Amino acid sequence: MQFTIPARPPFNFRSVVSSHGWNQLQPFVYDETAGTLSYILRLSTGQVIDLVTTAADSGLKVNSPRLSVKEKAEVTNILTWMFALDSDFSEFYQAIQDEPALANVEKLARGRVLRSPTLFEDVIRTILTTNTLWAATRRMVANLVQQFGEPLPSDPTRRAFPTALSLAAAGEGRLRAETRLGYRAPYIVDLAQRVASGEFDLEALKTSCLPTLELRRELLKIQGIGPYASANLLMILGRSDYLPIDSWALKVVSHEWHADQPVTPAQVQADMDKWGRWQGLVFWFWDWSYNHKDSAG
DNA sequence: GGTAGACCTGGACGC
DNA sequence: GCGTCCAGGTCTACC
C-alpha cells in the first residue's frame, strides 16, 4: 500500500536523508539515484516490514505492505519522528539569515536530522561511532543487525535493528568476540539490560521537557556516552545548544578560522559561542571550506 | 577540575 | 605474511 504523511514546510526529503551518515547504516538502505530510503522496521506486534520512503509534494510518500489502521498509525508516528516532519525551524532560519556560509540552509530546508525509530537505537549507533573509523562503525552496526535482528520474511538477508531484549540476552562475550564491538560491548549490554528490564525509560527522553543541561546530564550517565556523543544525541533530540566536537570538527575549524593550526575543543567552542542555542545546527550545516579544499585547489 | 594512560579494532605501512 | 604504528572518544585513576 502507499500513503503520504504531511510535513511542516519547508521540507526536503534529500536534506533529511543526507543530514548525516545514518543512511549508510543498516537497516537503512539509501538509493540516491532513485531517491528512496528503505528501513526494515519491527512493529510493536513483532511483525517485520520493509518501509520505502520517498519525497512527496508536501511531505513523505510511504510504500509498505498492507497495514491495519492501527499499524498504519504506528508507522505514521514512527516516520514522523524519524524525519522530524512536525519540527519548526523558522526561528533558526531567522537567526542565520545574514550568514553567507549558511545561505543555502533555508532554501534546502536543512535543519532536520535523520533519526532512528527509537532513542535506544540512536544511542547504540552513536556509541559505535566513538573512537573508531567510519568503516568500522558501519561494520559493527551491520554485525549487530545481521546477528541479532529479526529477519524480513520476504528477504531474510535483510533484518530489523535488534531489540533491547535480544542484545541483553546476547551477552558481553558474544558481542566482543563475534560482533567485534571491542571494549564497547559491556556498554551496549548494560544499556540493553536496563532498557529491557524497564529500569531505564530511555524513550521518555524523546519527549522530555527537561532543560538541555539536565537532559545532557541524563545522557552522560549512560556508559560510553561522553561530551561528543551526548552533543550528537542532543542534536538528534532537537536540542542544538552543544557542539559534537570530534577529530573532524577540530580539522574543519582549524582550516576555516585558524590557518590550519591545531585547535582545542575550547577554541572550537569559543568560535561557535555567538550562535547560542543554535550552535549545534550552525556547526552541522555550515558550508565548511575544508570539505571542498581539493576542488578549490 | 584537569590530565595521563588504557581500552580495542582494523587499515596502512615497512620489512 | 608478519609485526608495528596509528586513529578514533570515553573511562578511570590520580593529582
Side-chain angles (χ1 to χ4, degrees), chain A residues 19-26 113 116 119-148 162 167 170-195 199-200 202 205 212-237 239-256 258 260-273 279-280 283-284 288 290-291 293-294:
Chain A
S19 56
H20 59 145
W22 264 208
N23 65 31
Q24 300 170 33
L25 301 178
Q26 291 190 30
V113 174
S116 304
L119 187 54
F120 173 72
E121 184 174 329
D122 276 334
V123 169
I124 288 181
R125 287 186 197 280
T126 301
I127 290 174
L128 298 185
T129 65
T130 60
N131 199 26
T132 194
L133 305 176
W134 182 244
T137 298
R138 293 181 68 173
R139 188 181 49 253
M140 287 188 277
V141 173
N143 287 346
L144 266 185
V145 170
Q146 290 302 318
Q147 292 173 14
F148 304 105
L167 293 182
E172 181 186 331
R174 194 168 166 206
L175 290 179
R176 272 185 192 270
E178 295 177 32
T179 318
R180 313 300 290 169
L181 301 189
Y183 69 90
R184 301 169 195 82
Y187 303 160
I188 304 296
V189 170
D190 175 68
L191 178 66
Q193 285 176 342
R194 290 196 298 134
V195 168
E199 173 196 333
F200 182 22
L202 179 59
L205 298 184
T212 307
L213 183 64
E214 287 178 41
L215 194 53
R216 180 174 185 263
R217 281 201 196 109
E218 290 301 309
L219 292 169
L220 287 172
K221 287 179 188 170
I222 300 170
Q223 284 270 299
I225 299 295
Y228 159 77
S230 63
N232 196 65
L233 287 166
L234 285 172
M235 286 289 295
I236 284 171
L237 288 169
R239 314 284 187 108
S240 62
D241 315 46
Y242 287 87
L243 297 171
I245 303 174
D246 57 3
S247 55
W248 175 81
L250 298 177
K251 277 179 198 162
V252 294
V253 170
S254 161
H255 184 74
E256 191 84 2
H258 300 277
D260 287 320
Q261 294 302 302
V263 296
T264 63
Q267 282 174 291
V268 175
Q269 186 61 62
D271 288 332
M272 301 300 290
D273 263 350
Q279 59 185 279
F283 181 82
W284 202 293
W288 299 104
Y290 180 89
N291 288 343
K293 63 179 178 181
D294 291 340

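Just so it is clear, the structure is predicted and the values come from calculations on it, not from any experiment. Every chain is numbered from 1, with letters handed out A, B, ... down the list of sequences.
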Is A:Lys251 close enough to C:dG8 that one of its side-chain N or O atoms is under 4.0 Å from OP1 or OP2 there?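 Affirmative; the distance criterion is met.
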Please report, rounded to the nearest Å, how far the C1' atom of C:dT10 is from the CG atom of A:Asp246.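 One finds 13 Å between C1' of C:dT10 and CG of A:Asp246, rounded.
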Within the 3.5 Å criterion, strictly below it, is a donor on A:Gln193 or A:Glu199 matched to an acceptor on the partner's side chain?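 Not at all, the side chains of A:Gln193 and A:Glu199 share no donor-acceptor pair under 3.5 Å.
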About how many Å separate CG of A:Leu128 and CD1 of A:Ile188, when rounded to the nearest 0.5 Å?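 Here the interatomic distance stands at 5.0 Å.
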Protein-nucleotide distance (A:Asp190, atom CG; C:dC11, atom P), rounded to Å: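 Spelled out: CG on A:Asp190 to P on C:dC11 is 11 Å.
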If you look at every heavy atom in A:Val113 and A:Ser19, which pair is closest and at what distance?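 The answer is CA-OG, 3.5 Å.
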Between A:Ala249 and A:Pro244, which heavy-atom pair has the shortest distance, and what is it?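 Closest approach of A:Ala249 to A:Pro244, heavy atoms only: CB-O, 4.1 Å.
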Please tabulate the protein-to-nucleotide N/O contacts below 3.5 Å involving nucleotides 5-9 of chain B, giving atom names and distances.
{"residue": "B:dC8", "atom": "OP1", "partner": "A:Arg176", "partner atom": "NH1", "Å": "2.6"}
{"residue": "B:dC8", "atom": "OP1", "partner": "A:Arg176", "partner atom": "NH2", "Å": "3.2"}

Can you tell whether the side chains of A:Arg217 and A:Glu214 come within less than 4.0 Å, N to carboxylate O?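 Salt bridge: no.
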Which pair of heavy atoms, one from A:Leu250 and one from A:Thr264, lies closest together, and at what distance?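 Shortest heavy-atom separation between A:Leu250 and A:Thr264 comes out as CD2-C, 3.9 Å.
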Of the residues in residues 215-229 of chain A, which ones touch DNA chain C at a heavy-atom distance under 4.0 Å?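 Here the set is A:Ile222, A:Gln223, A:Gly224, A:Ile225, A:Gly226, A:Pro227, A:Tyr228, A:Ala229.
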According to a strict under-4.0 Å criterion, is A:Thr130 in side-chain N/O contact with OP1 or OP2 of C:dG8?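 Result: no.
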Whole-Å distance separating the CG atom of A:Leu133 from the C1' atom of C:dA7: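 In whole Å, C:dA7 C1' lies 6 Å from A:Leu133 CG.
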For A:Gln267 and A:Asp271, test the side chains for any donor-to-acceptor distance below 3.5 angstrom and give the result as yes or no.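 Their side chains do not contain a donor-acceptor pair, so the 3.5 Å distance test is not met.
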Minimum heavy-atom distance between A:Glu178 and A:Asn143, given as atom pair plus value: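 So the two residues come closest at O-ND2, 4.4 Å.
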